[in-house]
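For reference, the structure is listed below as structure tokens.
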Number of protein chains: 2
Amino acid sequence: MVNAMIKNQISLSKNQKIVLDYIQKIKKPVKAYSILSGVKKSGINAPPQVYRALDKLIEKGKIHKIESQNSFIACNIGDCATPHAVAFSICNQCEIVTEINDQKLFKYLSDFKDKSGVNFKGYNLEFFGVCDSCKAI
Amino acid sequence: MVNAMIKNQISLSKNQKIVLDYIQKIKKPVKAYSILSGVKKSGINAPPQVYRALDKLIEKGKIHKIESQNSFIACNIGDCATPHAVAFSICNQCEIVTEINDQKLFKYLSDFKDKSGVNFKGYNLEFFGVCDSCKAI
DNA sequence: AAAATTACGTTATAATATAACATCAATATT
DNA sequence: AATATTGATGTTATATTATAACGTAATTTT
């Protein structure tokens, strides 16, 4: 159905909306149990409700998981077309995380082939260093 | 002291040796609690002993953490000179993990600058896909 | 409307990781 | 050589992160 097709691009369930709203509000990486605390007043009571929403939001490109922190952050590239090909910079001092949106980097990585010639569609890249603000201190 | 300088390059404590031996023997990524089970007979009894050894072994470039799996793997680039600048390929099917040793890739990543011109010394890159063996099936 | 899929709510528990503290060993410093 | 410092160990307890399992409800597809 056409309606469904249009809807599918953005359609989120009730809990998914609640969790996404919370993550977008925070603007920083948040941990699953912080999300749980933050959305308790919205009627979400238990970890599985949060983790299920997180899984779906990742699939739908709305959020990403920062693997080195076990935290979650809203996608800042609109509706992320490539939810499994992402790059971030992480400041070791203030722990601020910034999603990198660099077409040249993306192309380089998605074209990359290992020694046996295998090409990988997906990747997760996390840069570590000191951000500008922290350098200034 | 010269002796200490030479020794420092390779010196590992008792528990560090036990844990490293075990990880090297396995050749696949291993989880901390599997390590714990595997080294109980060597006299290591509790999680902190394992995690402390893991931390030091990472610092010393002997092993790496696969962040997306919370697992640990022996460095296959000898004594890794850059323990905080690593890349892996991970097969989604058999979960085999291979450390990538590609100077061009390393140079590209360590030269990378984000939009505000910040350069990051360290990075963790995990590629996801299907390995050759699994593709053949 | 029936069937299939997706989402929800709940309880319990598994898996991953660290805090805290006492002790011991190795190494620098005096 | 005695002392201070640092790094490592052993242990108990607990914090943090994540999922299994089950029944029910809502939504979508056929």
Side-chain angles (χ1 to χ4, degrees), chain A residues 1-23 26 29-60 62-73 95 97 124, chain B residues 1-23 26 29-60 62-73 95:
Chain A
M1 208 185 263
V2 177
N3 232 348
M5 283 179 59
I6 293 171
K7 221 183 153 194
N8 271 342
Q9 310 228 3
I10 46 160
S11 105
L12 299 176
S13 78
K14 189 190 64 167
N15 287 357
Q16 287 160 26
K17 266 178 216 141
I18 293 171
V19 168
L20 178 58
D21 281 356
Y22 183 78
I23 296 176
I26 300 294
V30 251
K31 306 235 163 196
Y33 276 70
S34 303
I35 296 170
L36 180 55
S37 312
V39 299
K40 275 231 160 108
K41 55 183 179 318
S42 309
I44 290 181
N45 308 304
Q49 296 175 295
V50 171
Y51 281 103
R52 286 191 293 232
L54 290 173
D55 287 346
K56 293 298 180 178
L57 290 170
I58 290 170
E59 277 176 24
K60 295 177 183 180
K62 300 293 185 182
I63 65 170
H64 304 295
K65 181 171 186 182
I66 308 301
E67 296 286 357
S68 65
Q69 299 187 338
N70 298 316
S71 64
F72 302 87
I73 192 168
E95 298 220 311
V97 173
N124 181 85
Chain B
M1 209 184 264
V2 177
N3 233 346
M5 281 179 60
I6 293 170
K7 222 185 151 195
N8 273 340
Q9 311 228 2
I10 46 159
S11 104
L12 299 176
S13 77
K14 188 191 66 169
N15 287 357
Q16 288 160 25
K17 266 177 217 143
I18 293 171
V19 169
L20 178 58
D21 281 356
Y22 183 78
I23 297 176
I26 300 294
V30 252
K31 307 237 165 195
Y33 277 71
S34 303
I35 296 169
L36 179 55
S37 311
V39 299
K40 276 230 161 109
K41 56 182 176 322
S42 308
I44 289 182
N45 307 303
Q49 296 176 295
V50 171
Y51 281 103
R52 285 191 294 229
L54 290 172
D55 287 347
K56 294 298 181 178
L57 290 169
I58 290 170
E59 276 176 24
K60 295 177 183 180
K62 300 293 185 183
I63 65 170
H64 304 294
K65 181 172 187 180
I66 309 299
E67 296 287 357
S68 65
Q69 299 187 339
N70 298 317
S71 64
F72 303 86
I73 192 168
E95 298 219 311

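Reminder, nothing fancy here: chain letters follow the sequence lines and each chain counts from 1.
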Among dA20(C), dT11(C), dA7(C), find the nucleotide with the atom closest to the side chain of Pro48(A).
dT11(C)
Separation of atom CG in Leu54(A) from atom P in dC8(C), rounded to whole Å:
12 Å
Is the distance from OP1 or OP2 of dA17(C) to the nearest side-chain N or O of Lys31(A) less than 4.0 Å?
no
Under 4.0 Å between a side-chain N/O of Asn15(B) and OP1 or OP2 of dG10(D), yes or no?
yes
5'-most contact on DNA chain C: Tyr33(A) or Ile44(A), nearest heavy atom basis?
Ile44(A)
Nearest listed nucleotide, side chain of Gln49(B), among dG9(C), dT11(D), dT11(C):
dT11(D)
Check the phosphate of dT6(C) against Lys56(A), side-chain N and O only, distance under 4.0 Å to OP1 or OP2. Yes or no?
no
Nearest whole angstrom, please: distance from the P of dG7(D) to the CD of Glu59(B).
10 Å
Both distances under 3.5 Å, Watson-Crick or G-U wobble: on that basis, could you give the dot-bracket string for DNA chain C, with [ ] for crossing pairs and | for other-strand partners?
||||||||||||||||||||||||||||||
What is the separation between atom NZ on Lys17(A) and atom P on dT27(D), rounded to the nearest whole Å?
10 Å
Exam field: side chain Lys31(B) to backbone Gln69(B), donor-acceptor pair closer than 3.5 Å
yes
Residue mapping more 5' on DNA chain D - nearest nucleotide basis, Ala53(B) or Asp55(A)
Ala53(B)
Please determine, for the side chain of Ser13(B), which listed nucleotide (dA17(C), dC8(C), dA8(D)) has the closest atom?
dA8(D)
According to a strict under-4.0 Å criterion, is Lys14(A) in side-chain N/O contact with OP1 or OP2 of dT6(C)?
no
Any Lys40(B) side-chain N or O less than 4.0 Å from OP1/OP2 of dG10(D)
no
In this structure, CD1 of Ile63(A) is separated from NZ of Lys56(A) (nearest 0.5 Å) by 12.5 Å
Between Glu67(A) (CD) and dT16(C) (P), how many Å, whole number?
14 Å
Please give, in whole Å, the distance from dT16(C) C1' to Lys65(A) NZ?
11 Å
Nearest of dA17(C), dT9(D), dG9(C) to any side-chain atom of Asn70(B)?
dA17(C)
Separation of atom OH in Tyr51(A) from atom P in dT16(D), rounded to whole Å
12 Å
Of Ala46(A) and Ser34(B), the one whose nearest nucleotide on DNA chain C sits closer to the 5' end is Ala46(A)
Quick one about Lys60(B) and Gln16(B) (side-chain donor to acceptor, distance below 3.5 Å, no hydrogens or angles considered), yes or no?
yes
